[in-house]
Q: 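One structure coming up, written as structure tokens, with questions to follow.
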Amino acid sequence: MELSRLAGWNQTRDDWEMMLRLDPLGCFAIEADSQIAATTTLLCYGNRLAWIGMVLTRPEYRRRGFAQHLMECALKRAADLKVQSIKLDATSQGQPLYEKLGFKTEQIVERWLHDGRSSPDRLIEPSAASSQYSLEMDLEAFGANRSTLLQNLASRNSPNTIKGAYCFSRGGTRCRYLGPCVAQTQNAARLVIEHTLRDSAASGWFWDLLSANKKAIHLAQEFGFVPQRRLERMVLGNSLPKNDEMVYAIAGFELG
């Protein structure tokens, strides 16, 4: 948590604990002077896809090769598990290292912000929601089975779901987080997102989306969000079949 705070990231203690539950052998760290100096996580979605995240180093330990060493540990584990594709969302600071390790840019991920000073614009009343979501629909959109992740997220906060769409949210140290959200149509996405945003967050909202999904960008604008930052989604290995047009919000930079 101290490394997250120093970097200005949004993850909470619950987020870190969830990573440890989901794949404890994929959580790597370097200890120096009796404290955690650097971290990296590898979350495997079967052997089709693995996601690298939480690449953090204390400022006083940077430029010592800690991040590269932990990345190499994560990549070795992925290779041992015969994972077909490895992805991550790269900041401008991390991108040179990832390119050195063979990652290539796939697309741009954008973070959009609603500052919380006013409630996001309310559009239309959604139909009754439930906590049931379609794993088949999620697999089509994401390209890998992440049912265990969704179960963990649902145990923290039930998603809003209608036929053809679902939307999760969770707390953050800076803003409440919107996502993941998967929908078969823009109107279905609008309904579950509106229902989720009904619980106004005084701290504001973060919404991370794929810039290639213009319908998601249009919805973010409708709800009063503004773009804040851009990251590069990078891949090492095979490209997997997926449907980005169904992804209206990602699960998180560390989750995919």
Q: I'd like to know if the side chain of Thr57 reaches the main chain of Arg62, judged simply by a donor and an acceptor atom lying under 3.5 Å from each other, with no hydrogens or angles considered.
A: no
Q: Please round to the nearest 0.5 Å and tell me the distance separating atom CZ of Arg230 and atom OG1 of Thr91.
A: 14.0 Å
Q: Taking atom CD of Gln186 as the centre, report whether more than 12 heavy atoms of other residues, nucleotides or ligands fall under 6.0 Å from it.
A: yes
Q: Please check: side-chain N/O of Arg58 versus main-chain N/O of Ile36, any donor-acceptor pairing under 3.5 Å?
A: yes
Q: At their closest point, which heavy atom of Gly171 faces which heavy atom of Thr12, and how far apart are they?
A: O-CG2, 3.7 Å
Q: Between Glu245 and Lys214, does any side-chain N to carboxylate O distance fall below 4.0 Å?
A: no
Q: With a 4.0 Å cut-off, would you call Lys242 and Asp244 a salt bridge?
A: yes
Q: When you check the side-chain N and O atoms of Arg21 and Asn152, is any donor under 3.5 Å from an acceptor?
A: yes
Q: Determine whether a donor-acceptor pair (N or O, by modelled atom type, separation under 3.5 Å) exists between the side chain of Thr161 and the backbone of Cys167.
A: no
Q: Hey, is the main chain of Ile108 close enough, under 3.5 Å, to the side chain of Ser211 for a donor-acceptor pair?
A: yes
Q: Which word best sums up how the rings of Tyr61 and Phe66 line up, parallel for under 30°, tilted for 30 to 60°, or perpendicular for over 60°?
A: parallel
Q: Is a salt bridge present between Asp14 and Arg170, judged by a nitrogen-to-oxygen distance below 4.0 Å?
A: no
Q: Taking Leu97 as the starting point, is it possible to reach Leu231 by hopping between hydrophobic residues whose side chains are less than 4.5 Å apart?
A: no
Q: Could you go through Ser203 and Arg176, starting from their C-alpha distance and side-chain angles, then the distance that decides it, and tell me whether this counts as side chain to side chain donor-acceptor pair (under 3.5 Å)?
A: CA-CA 7 Å; Ser203 60; Arg176 189 157 184 83; over 6 Å; no
Q: Looking at His114 and Gly224, what are the two nearest heavy atoms and their distance?
A: CD2-O, 3.4 Å
Q: Ignoring hydrogens and geometry beyond distance, is a side-chain donor-acceptor pair present between Asn160 and Thr196 at under 3.5 Å?
A: yes
Q: Could you tell me whether the side chain of Glu110 reaches within less than 4.5 Å of the side chain of Arg229, counting heavy atoms only?
A: no
Q: Looking just at side-chain N and O atoms, do Lys100 and Gln68 make a donor-acceptor pair shorter than 3.5 Å?
A: yes
Q: Show, in sequence, the C-alpha distance, side-chain angles and deciding distance for Trp112 and Gln221, and conclude whether the side chain to side chain contact (heavy atoms under 4.5 Å, CB included) test is met.
A: CA-CA 9 Å; Trp112 288 61; Gln221 293 169 335; 3.7 Å; yes
Q: Nearest 0.5 Å please: distance from the OG1 atom of Thr40 over to the CG atom of Leu70.
A: 4.5 Å
Q: Ring pair (Phe, Tyr, Trp, His ring centres under 6.0 Å) with Phe225: which of Trp205, Trp207, Phe206?
A: Trp207
Q: Restricting to non-hydrogen atoms, name the atom on Leu240 and the atom on Gly143 that form the minimum distance, rounded to 0.1 Å.
A: CD1-O, 4.1 Å
Q: Do Tyr177 and Phe168 land in one hydrophobic cluster if side-chain heavy atoms of ILVMFWY residues count as linked below 4.5 Å?
A: no
Q: Any Lys/Arg nitrogen of Lys87 or Glu106 sitting under 4.0 Å from an Asp/Glu carboxylate oxygen of the other?
A: yes
Q: Under a 4.0 Å threshold between the charged nitrogen and the carboxylate oxygen, would Arg156 count as salt-bridged to Asp15?
A: yes
Q: Return yes if some donor-acceptor pair links the side-chain N/O of Asn10 with the main-chain N/O of Arg174 below 3.5 Å, else return no.
A: yes
Q: Can any side-chain N or O of Ser85 pair as donor or acceptor with the backbone N or O of Asn238 at less than 3.5 Å?
A: yes
Q: Closest heavy-atom contact between Arg13 and Met1?
A: N-SD, 3.5 Å
Q: Hey, could you give me the CD/OG1 distance between Glu31 and Thr39, rounded to the nearest 0.5 Å?
A: 13.0 Å
Q: Phe28 vs His69, test: side chain to side chain contact (heavy atoms under 4.5 Å, CB included). Steps then yes/no.
A: CA-CA 10 Å; Phe28 302 94; His69 178 66; over 6 Å; no
Q: Any chance you could lay out the side chain to side chain contact (heavy atoms under 4.5 Å, CB included) test for Leu149 and Met18, step after step, and finish with the verdict?
A: CA-CA 9 Å; Leu149 169 64; Met18 182 178 69; 4.0 Å; yes
Q: Within the distance-only criterion (no hydrogens, no angle test), does the side chain of Asn47 pair as donor or acceptor with the backbone N or O of Val83 below 3.5 angstrom?
A: no
Q: Step by step, would you call Tyr45 with Leu22 a side chain to side chain contact (heavy atoms under 4.5 Å, CB included)?
A: CA-CA 10 Å; Tyr45 299 110; Leu22 289 170; over 6 Å; no
Q: Distance check, rounded to the nearest 0.5 Å: Leu81 atom CG versus Asp23 atom CG?
A: 8.0 Å
Q: Within the structure provided, determine whether Met71 and Phe103 are in side-chain contact (heavy-atom separation under 4.5 Å).
A: yes
Q: May I ask whether Leu49 and Met246 are part of the same hydrophobic cluster, defined by side-chain heavy atoms of I, L, V, M, F, W, Y residues being less than 4.5 angstrom apart, directly or through others?
A: yes
Q: Consider only side-chain heavy atoms of I, L, V, M, F, W and Y, link residues closer than 4.5 Å, and tell whether Met19 and Ile86 are in one cluster.
A: no
Q: Say you draw a straight line from CG of Leu135 to CG of Asn145; how long is it, rounded to the nearest 0.5 Å?
A: 7.0 Å
Q: Ignoring hydrogens, what is the shortest heavy-atom contact between Asp89 and Arg233? Give both atom names and the distance.
A: OD1-NE, 2.8 Å
Q: Between Ala32 and Ala37, what is the shortest heavy-atom contact and its length?
A: CB-CB, 4.1 Å
Q: Using the rule that two of Ile, Leu, Val, Met, Phe, Trp, Tyr join whenever any of their side-chain heavy atoms come within less than 4.5 Å, decide whether Leu210 and Val235 are in one cluster.
A: no
Q: Within this structure, what is the CG-CG distance for the pair Leu25 and Leu42, rounded to the nearest 0.5 Å?
A: 10.5 Å
Q: So that I can tick it off, tell me whether Glu72 and Lys76 are bridged by a salt bridge, with the cut-off set at under 4.0 angstrom between side-chain N and carboxylate O.
A: no
